[in-house]
Asker: 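There's a structure below that I have some questions on.
Below, all heavy atoms of this structure are taken into account, side chains as well, without hydrogens, waters or symmetry copies. As the structure is a computational prediction, the values presented were derived from the model and not from experiment.
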Amino acid sequence: MKLDAIDLRILEAVQEDGRITKLALAEKAGLSPTPCWMRLRKLEKAGIIVGYHARVAVRRLAPVASVMMEVTLGNHRQVDFERFERAVSTIPEITACWSVGGGVDYILKIVAADIDAYQRLVDGLLDREVGIDRYFTYIVTKTVKEETVLPLAVLLPTSS
């Protein structure tokens with residue numbers, strides 16, 4: 001789907017505020033409300049907008065441990081990757097999992113109640129024998145930047 005400058009303004013606005021009103025969105029996009037809403041629905045139907053979410057400041061509710069984990073599998077057959085990916089997809093504390101190139105196979109982002117809970121999670125993965133050969137743990141001591149808004153104007157060319 002080819003996007004124009006209006007589509008980008010719509011995407012940027014709903015990324016910043018998923019609860020934006022129809023009128024405010026239309027103003028930011030530079031359209032009247034009905035055509036703006038139709039464009040928004042078209043972006044949703046095309047699968048470009050895949051959902052609307054609230055960001056929760058969990059540390060205001062309870063202390064948590066944020067952990068980054070590198071994982072290397074013992075074998076590199078497709079079945080090994082699939083087994084590992086199925087396993088991590090069932091664990092809610094694993095909030096992100098990326099398959100990467102380079103010296104490791106995966107990088108995981110994990111949020112646990114504390115370090116002990118994180119270690120129990122890892123022990124459970126190891127007990128399930130999902131193919132982990134090695135893993136390295138990195139405890140997040142301070143979040144410097146964590147954005148959910150993508151810089152669309154920088155990433156995407158537009159047609160006028």
Asker: Find the distance between CG (L23) and CH2 (W37) and round it off to the nearest 0.5 Å.
Answerer: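 Rounded to the nearest 0.5 Å, the CG-CH2 separation comes to 11.5 Å.
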
Asker: Tell me, with the steps shown, if V64 and E93 meet side-chain contact (heavy atoms from CB on, under 4.5 Å).
Answerer: CA-CA 11 Å; V64 296; E93 294 91 341; over 6 Å; no

Asker: Taking only residues two or more places apart in sequence, or in another chain, which ones meet E27 in a salt bridge (charged side-chain N to carboxylate O under 4.0 Å, His left out)?
Answerer: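 E27 satisfies salt bridge (charged side-chain N to carboxylate O under 4.0 Å, His left out) with no residue once adjacent residues are dropped.
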
Asker: Please report the closest heavy-atom contact between P35 and S32, naming both atoms and the distance.
Answerer: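 For P35 and S32, the tightest heavy-atom pair comes out as CD-OG, 3.0 Å.
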
Asker: Using the side-chain hydrogen bond (donor to acceptor under 3.5 Å, both in side chains) criterion, which residues pair with H76? Sequence neighbours excluded.
Answerer: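 side-chain hydrogen bond (donor to acceptor under 3.5 Å, both in side chains) list for H76, sorted by chain: D105.
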
Asker: Between atom CZ of F84 and atom CG of L108, what is the distance when rounded to the nearest 0.5 Å?
Answerer: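 Nearest 0.5 Å value for the CZ-CG distance: 5.0 Å.
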
Asker: In this structure, would L3 and L155 fall into the same cluster of hydrophobic residues linked by side-chain contacts under 4.5 Å?
Answerer: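 Same cluster: L3 reaches L155 through Ile, Leu, Val, Met, Phe, Trp or Tyr contacts under 4.5 Å.
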
Asker: In the hydrophobic clustering (ILVMFWY, side-chain contacts below 4.5 Å, transitive), which residues join V56, or is it alone?
Answerer: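 Direct or chained contacts put V56 with L61.
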
Asker: For residues 41-52, which side-chain N or O atoms pair as donor and acceptor with protein atoms under 3.5 Å away, sequence neighbours left out?
Answerer:
{"from": "R41", "atom 1": "NH1", "to": "E44", "atom 2": "OE1", "distance (Å)": "2.4"}
{"from": "R41", "atom 1": "NH1", "to": "E44", "atom 2": "OE2", "distance (Å)": "3.0"}
{"from": "E44", "atom 1": "OE2", "to": "Y52", "atom 2": "OH", "distance (Å)": "2.6"}

Asker: Quick one: salt bridge (Lys or Arg N to Asp or Glu O under 4.0 Å) pairs with a partner in residues 73-92, sequence neighbours left out?
Answerer: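 Listed once each, the pairs are R77-D80, D80-R83.
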
Asker: Does I10 share a hydrophobic cluster with M1, counting links as ILVMFWY side-chain heavy atoms below 4.5 Å and allowing steps through other members?
Answerer: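 Yes, because I10 and M1 connect within a single hydrophobic cluster, where side-chain heavy atoms sit under 4.5 Å apart.
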
Asker: If hydrophobic clusters are built by linking Ile, Leu, Val, Met, Phe, Trp and Tyr wherever their side-chain heavy atoms come under 4.5 Å apart, do V71 and V111 end up in the same one?
Answerer: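 Hydrophobic grouping puts V71 apart from V111.
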
Asker: Would you please test I94 and I110 for side-chain contact (heavy atoms from CB on, under 4.5 Å) and show each step?
Answerer: CA-CA 4 Å; I94 300 175; I110 301 167; 4.0 Å; yes

Asker: State which residues pass salt bridge (charged side-chain N to carboxylate O under 4.0 Å, His left out) with R134; sequence neighbours excluded, sorted by chain then number.
Answerer: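 None.
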
Asker: Residues in side-chain hydrogen bond (donor to acceptor under 3.5 Å, both in side chains) with N75, at least two apart?
Answerer: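 If we apply the side-chain hydrogen bond (donor to acceptor under 3.5 Å, both in side chains) test to N75, skipping adjacent residues, there are no hits.
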
Asker: Tracing side-chain links under 4.5 Å among I, L, V, M, F, W and Y, which residues wind up in one group with F136?
Answerer: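 Members besides F136, by chain and number: M68, W98, V100, V104, I107, Y138, V140.
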
Asker: In Å, rounded to the nearest 0.5 Å, how long is the span from NZ of K2 to CG of L156?
Answerer: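 Here the interatomic distance stands at 10.5 Å.
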
Asker: Linking I/L/V/M/F/W/Y whenever any side-chain heavy atoms sit under 4.5 Å apart, do I139 and V58 land together?
Answerer: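 The answer is no; the residues belong to distinct hydrophobic clusters.
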
Asker: Would you list the atom pairs, donor with acceptor, under 3.5 Å between side chains in residues 121-130 and any protein atom, with sequence neighbours excluded?
Answerer:
{"from": "D123", "atom 1": "OD1", "to": "Q119", "atom 2": "NE2", "distance (Å)": "3.0"}

Asker: Rounded to the nearest 0.5 Å, what separation is found between the CE atom of M38 and the CG atom of L31?
Answerer: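 Atom-to-atom, M38:CE and L31:CG are 10.5 Å apart.
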
Asker: Minimum heavy-atom separation for A112 to Y118, with atom names?
Answerer: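 The answer is CB-N, 3.7 Å.
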
Asker: Run the numbers on C36 and R9 for side-chain contact (heavy atoms from CB on, under 4.5 Å), then give the verdict.
Answerer: CA-CA 10 Å; C36 181; R9 287 195 296 269; over 6 Å; no

Asker: So, using side-chain hydrogen bond (donor to acceptor under 3.5 Å, both in side chains) as the criterion, who are the partners of E147 when residues are at least two apart?
Answerer: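 side-chain hydrogen bond (donor to acceptor under 3.5 Å, both in side chains) check on E147 returns nothing, list empty.
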
Asker: Counting only N and O atoms by type, is there a donor-acceptor contact under 3.5 Å from the side chain of T72 to the main-chain atoms of D133?
Answerer: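 A pair under 3.5 Å: no.
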
Asker: Can you name the side-chain hydrogen bond (donor to acceptor under 3.5 Å, both in side chains) partners of E12, sequence neighbours left out?
Answerer: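 Not a single residue meets the side-chain hydrogen bond (donor to acceptor under 3.5 Å, both in side chains) criterion with E12.
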
Asker: Do any pairs count as a salt bridge (Lys or Arg N to Asp or Glu O under 4.0 Å) and have a residue in residues 110-120, sequence neighbours left out, and if so which ones?
Answerer: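 Of all non-adjacent pairs touching residues 110-120, those that pass salt bridge (Lys or Arg N to Asp or Glu O under 4.0 Å) are D116-R120.
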
Asker: Take T148 and H53 through the test side-chain contact (heavy atoms from CB on, under 4.5 Å) and record every step on the way to the result.
Answerer: CA-CA 10 Å; T148 59; H53 309 278; over 6 Å; no

